[in-house]
K.L.:
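Just dropping this structure here.
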Amino acid sequence: MAYDFKAIEAKWQERWEKARLHTPDLAGARNPYYNLMMFPYPSAEGLHIGNLYSFISVDCHGRYMRQKGFDVFEPIGFDAFGMHSENHALKTGQHPRVLTPKCIANFTRQLKSAALMLDWTRAVDTTDPEYYRWTQWIFLKLYEKGLAYEKEAPVTWCPACQTVLADEQAEGGVCERCETPVEKRNLRQWFFKITAYAEKLLSGLDGIDWSEITKSAQRNWIGKSEGAEVLFETPAGPLTVFTTRPDTLFGATYMVLAPEHPLAGKLATPEQKTAVAEYAKRAAAMSALEREKGDRKKTGVDTGALAVNPVTGQKIPIWVADYVLSGYGTGAIMAVPAHDERDHEFAKAFGLPIVEVIQPEKNVPGCYSGEGTMIHSGSYDGLSSIEARKRIVADLEKKGLAKFRVHYRLRDWCISRQRYWGPPIPAVRCAKCGTVAVPEKDLPVRLPEMPDIRPDGSGKSPLARLQAFVKTVCPKCKGTAERETDVSDNFFDSAWYFLRYLSPADTERIFDPALAQKWLPVDHYIGGNEHAVLHLMYVRFLTMALKEIGVLHFDNPFKRFRVNGMITRDGAKMSKSKGNVVSPDEYVDKYGADVLRTYLMFMGPVADGGDFSDRSIHGVAKFLERVHRIFTEKPIVDRPVVGDARTLMHRSMKRVEEGFERLSYNVSIAQLMEWANDLADWTKITREELSVFARLLASFAPHLADELYEKVGDAKFVLQAPWPAWDPKLAVGDTVEIAVQVNGKLRGTVSIPAEADEAAAFSAARGLPKVAEVLAGAPLKKQVYVKGRLVNFVSG
RNA sequence: GCCGAAGUGGUGGAAUGGCAGACACGCCGGUUUCAAAAACCGGUACCCGCAAGGGUGUGAGGGUUCGACUCCCUCCUUCGGCACCA
């Protein structure tokens with residue numbers, strides 16, 4: 001009988017759906033397990049194979065846990081707001097309100113064809129007012145708590161997209177969407193105070209079971225540095241700098257202010273005023289890309305003013321230079337050219353004095369920035385730099401001139417977007433009352449219909465053109481007021497979606513607290529590491545904030561997070577321009593979902609991803625055909641499995657399970673192949689082998705597994721059958737072949753009973769002619785026996 | 001530069017202190033075919049050798065151990081994150 005995957009897959013998908021097999025009873029579940037996959041953005045291009053790879057990794061884990069007896073909840077939804085949709089709409093002229101439902105329908109079809117164990121009854125869509133009502137609600141909660149605030153700030157602006165971007169969306173100084181170099185603009189923006197949680201976000205990483213690569217990216221992004229703030233007297237008053245090396249204070253021979261520093265203009269002497277102003281103007285005109293390029297020649301200008309070094313009492317010049325950034329620390333530094341590369345380069349360029357205050361252990365050429373012994377530092381001479389660091393700050397602290405201080409690289413999260421396709425930020429501006437939040441009862445603030453959503457370069461959202469939307473009444477004084485016209489960042493929508501899955505239809509609450517208590521935090525989450533510092537940081541922040549607000553009962557949203565690798569084609573990242581995009585539809589059609597799933601999981605460990613190859617998928621197709629043939633063409637007999645067949649069966653159960661535990665499904669599948677290769681040689685198959693094989697295969701090839709399991713005859717779906725339990729004793733045969741080494745070198749193998757004792761093993765090993773021969777020359781010093789593994793004779 | 005991950009056949013990878021290369025792709029040979037494709041069977045780390053056999057081998061070099069792909073140290077390379085961040 002041929003392997004008719006189309007008929008088999010259609011048959012089982014229909015039966016599963018009829019049985020509502022993938023819709024757990026959230027309230028009644030006894031053994032809840034929340035198995036989450038990343039929130040897909042439903043693009044017009046359809047489901048990307050990389051997305052599918054990630055989802056199948058999640059699904060295989062979910063099916064495994066289901067067989068292990070858990071009530072697995074595996075939800076899905078659509079992250080359909082955002083610039084990506086909007087840009088696509090602007091390019092093709094299709095309104096996102098029209099396009100989005102079509103894209104969602106197509107995604108739904110594709111996801112269903114891949115047989116993911118999804119609970120479709122709880123799907124969410126971020127563009128649904130009943131979803132973004134709660135996005136806006138969270139905004140209100142944060143606002144009440146002081147965690148959402150407005151400020152006029154220099155923000156990253158993409159001139160092509162005509163909107164501001166988060167820092168994370170403009171890495172390297174270019175817009176992540178269109179790669180246009182970004183600019184700085186001063187705009188009134190809404191921010192979430194993620195920096196209030198900087199330390200908690202950092203320390204929280206230590207105890208959580210997340211992929212190391214993700215935690216490392218987050219640590220770097222938070223960028224903690226410990227040091228001190230030190231006060232320098234200047235003609236314009238005290239000037240605070242931040243330094244991580246207060247031990248080098250005696251070597252501070254000048255100071256530098258960022259061009260944007262408020263004191264820069266004030267400090268400049270009459271002769272230098274023009275030069276300083278011009279320098280600041282030039283710095284402001286520079287794009288972020290130019291400014292942040294690290295290998296530029298140092299430039300700067302002297303303010304003419306002098307500051308007093310608090311430890312030496314010496315007067316030192318104050319310069320303005322763009323190598324000091326206004327956004328970090330205090331925007332001003334003390335320069336120690338002897339022990340800081342950048343200060344060194346600057347001092348050389350402008351002829352400023354260099355004083356060494358740290359003696360390295362071994363003399364090194366150039367500028368030394370390591371630890372060492374204090375010199376030229378008054379009473380601190382002779383101390384280690386590490387010790388001196390503490391004492392200098394402590395001593396200055398008594399005089400009120402310094403204090404220990406920690407700074408973070410992390411910036412507050414700018415959520416304002418001057419675009420159309422997002423949830424309106426629920427706030428109004430009243431001439432009398434200022435900014436007023438929309439009351440909870442008036443949510444959602446609906447995104448109005450608007451045929452022309454093009455940005456107009458005014459720096460305002462297209463919504464600002466819609467007077468019917470803008471004009472409103474102040475919730476406080478009932479006077480006329482104007483609505484906020486910015487919409488919120490797409491990352492905000494996706495920072496809480498996993499909460500809504502619990503209660504997607506609840507119109508009264510964001511979710512049912514009883515269900516949250518039962519199902520949260522999420523047990524298992526898999527996704528690409530491109531979200532390490534965006535999505536995953538925002539979710540952690542929001543979870544912590546919602547806990548403080550009293551909405552959630554935990555700090556860490558995801559108990560276990562694992563990254564999945566990337567799927568490439570011919571070694572290259574897939575892209576439309578390269579024409580190497582793999583369409584899941586094509587392969588589901590040609591081979592079926594079971595083959596595509598099994599192939600993707602066979603490529604390697606989930607963390608590594610892999611390179612998609614038509615040849616290799618064909619090999620996997622042959623494997624499933626073979627499995628189908630073995631179990632449908634050979635007679636199934638009721639008799640116990642014994643001997644080597646039993647050993648292989650138990651070893652297979654063991655190794656398949658080990659693969660599941662490590663997300664190395666490739667090992668599980670390889671073991672099934674090995675087992676199948678052996679079964680193919682037998683004339684009959686036992687019912688037990690059929691039952692075990694089907695259950696082990698179920699995650700990868702769920703349709704075929706059910707087709708085979710049906711023959712077992714216990715009237716269950718394979719997912720409802722328990723995970724096969726293996727016996728460690730039976731996973732080893734009665735006799736084992738062990739290695740025989742002499743001085744660590746393999747000299748042969750010998751078969752002995754698995755339970756053989758040392759003496760028996762040694763005598764069997766010595767019986768090998770080759771071993772006896774090699775051993776003859778020298779006296780035996782030692783002999784090692786590792787049960788079931790090897791014997792090693794150590795001689796002469 | 002700092003932080004993190006990883007280096008194993010022609011390729012993807014397996015083995016995390018005990019027989020390196022499981023399993024698969026590819027390649028070679030065979031069966032089948034008018035032929036090709038497909039399918040099936042066998043072989044396939046490298047070097048020497050007709051063979052039996054011997055030797056070498058997990059990025060490089062040291063170390064620990066009876067025994068190291070695995071643990072430790074130094075270095076190299078690749079990938080990811082951060083980066084004029086004081």
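Computed from heavy atoms alone, side chains included, the values below leave out hydrogens, waters and symmetry copies. Residue numbering restarts at 1 for every chain, and letters A, B, ... go by the order of the sequence lines.
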K.L.:
Using the side-chain hydrogen bond (donor to acceptor under 3.5 Å, both in side chains) rule, take A:Ser751 and A:Glu737 through it: C-alpha gap first, then chi angles, then the decisive distance, then the call.
P.N.:
CA-CA 4 Å; A:Ser751 278; A:Glu737 195 184 58; 4.8 Å; no

K.L.:
At under 4.0 Å between heavy atoms, what does A:Glu737 touch on the DNA or RNA strands: base, sugar-phosphate, or nothing?
P.N.:
base

K.L.:
Assign the ring pair A:Phe762 / A:Phe793 to parallel, tilted or perpendicular, where the plane angle (0 to 90°) is split at 30° and 60°.
P.N.:
tilted

K.L.:
Starting from C1' on B:C25, measure out to CD1 on A:Ile669 and report it in whole angstrom.
P.N.:
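In whole Å, B:C25 C1' lies 15 Å from A:Ile669 CD1.
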
K.L.:
Heavy atoms under 4.0 Å, any strand shown: does A:His407 hit a base, just sugar-phosphate, or nothing?
P.N.:
nothing

K.L.:
Is any side-chain nitrogen or oxygen of A:Arg615 closer than 4.0 Å to OP1 or OP2 of B:G26?
P.N.:
yes

K.L.:
Checking A:Thr299 against A:Tyr279: is there a side-chain donor and acceptor pair closer than 3.5 Å?
P.N.:
yes

K.L.:
Regarding A:Val784, tell me which of base, sugar-phosphate or nothing describes its non-hydrogen contacts under 4.0 Å with the strands shown.
P.N.:
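Base, at least one base atom sits under 4.0 Å.
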
K.L.:
B:C25 phosphate, OP1 or OP2: any side-chain N/O from A:Lys622 under 4.0 angstrom?
P.N.:
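For A:Lys622, the contact criterion (side-chain N or O under 4.0 Å from OP1 or OP2 of B:C25) is met.
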
K.L.:
Do A:Lys298 side-chain and B:C84 base share a donor-acceptor contact under 3.5 Å?
P.N.:
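Checked by distance alone, the answer is yes.
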
K.L.:
Look at the rings of A:His339 and A:Tyr368 and say which category their plane angle falls in: under 30° parallel, 30 to 60° tilted, over 60° perpendicular.
P.N.:
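A:His339 vs A:Tyr368 ring planes: perpendicular.
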
K.L.:
Starting at CZ of A:Arg626 and ending at P of B:C41, how long is that distance when rounded to a whole Å?
P.N.:
6 Å

K.L.:
Taking any heavy-atom pair under 4.0 Å as a contact, classify A:Asn677: base, sugar-phosphate, or nothing.
P.N.:
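Here A:Asn677 touches the backbone only, sparing every base.
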
K.L.:
C1' atom, B:G10 versus B:C28: distance in rounded Å?
P.N.:
13 Å

K.L.:
Considering every strand and a 4.0 Å limit on heavy-atom distances, what is the contact class for A:Gly604: base, sugar-phosphate, or nothing?
P.N.:
nothing

K.L.:
With a non-hydrogen cut-off below 4.0 angstrom, is A:Lys215 in contact with a base, only sugar-phosphate, or nothing?
P.N.:
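Since no nucleic acid heavy atom lies under 4.0 Å of A:Lys215, the category is nothing.
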
K.L.:
Check whether any side-chain nitrogen or oxygen of A:Lys224 sits under 4.0 Å from OP1 or OP2 of B:C2, and answer yes or no.
P.N.:
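For B:C2, OP1/OP2 do not have a side-chain N/O of A:Lys224 under 4.0 Å.
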
K.L.:
NA contact type, A:Asn792, heavy-atom cut-off 4.0 Å: base, sugar-phosphate, or nothing?
P.N.:
base

K.L.:
Side-chain N or O of A:His618 versus OP1/OP2 of B:A39: is the shortest distance under 4.0 Å?
P.N.:
yes

K.L.:
Does OP1 or OP2 of B:A86 have a side-chain N or O of A:Ser225 closer than 4.0 Å?
P.N.:
yes

K.L.:
Determine: side-chain N/O of A:Asn666 to OP1/OP2 of B:A14, distance under 4.0 Å, yes or no.
P.N.:
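Looking at the OP1 and OP2 atoms of B:A14, one of them is under 4.0 Å from a side-chain N or O of A:Asn666.
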
K.L.:
If I pick the C1' atom on B:U31 and the same atom on B:A36, what distance separates them, to the nearest angstrom?
P.N.:
16 Å

K.L.:
Reckon A:Ala217 touches a base, only the sugar-phosphate, or nothing at all at heavy-atom distances under 4.0 Å?
P.N.:
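Result for A:Ala217 = sugar-phosphate.
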
K.L.:
Rounded to whole angstrom, note down the P distance from B:A52 over to B:G57.
P.N.:
22 Å

K.L.:
With hydrogens left out and only the distance checked, is there a donor-acceptor pair under 3.5 Å joining A:Asn220's side chain and the base of B:C82?
P.N.:
no

K.L.:
With a non-hydrogen cut-off below 4.0 angstrom, is A:Arg651 in contact with a base, only sugar-phosphate, or nothing?
P.N.:
nothing

K.L.:
Taking CD from A:Glu530 and C1' from B:C82, how many angstroms apart are they, rounded to a whole number?
P.N.:
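To the nearest whole Å, that distance equals 18 Å.
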
K.L.:
What is the distance from CD of A:Glu658 to C1' of B:A15, rounded to the nearest Å?
P.N.:
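Atom-to-atom, A:Glu658 to B:A15, this comes out as 11 Å.
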
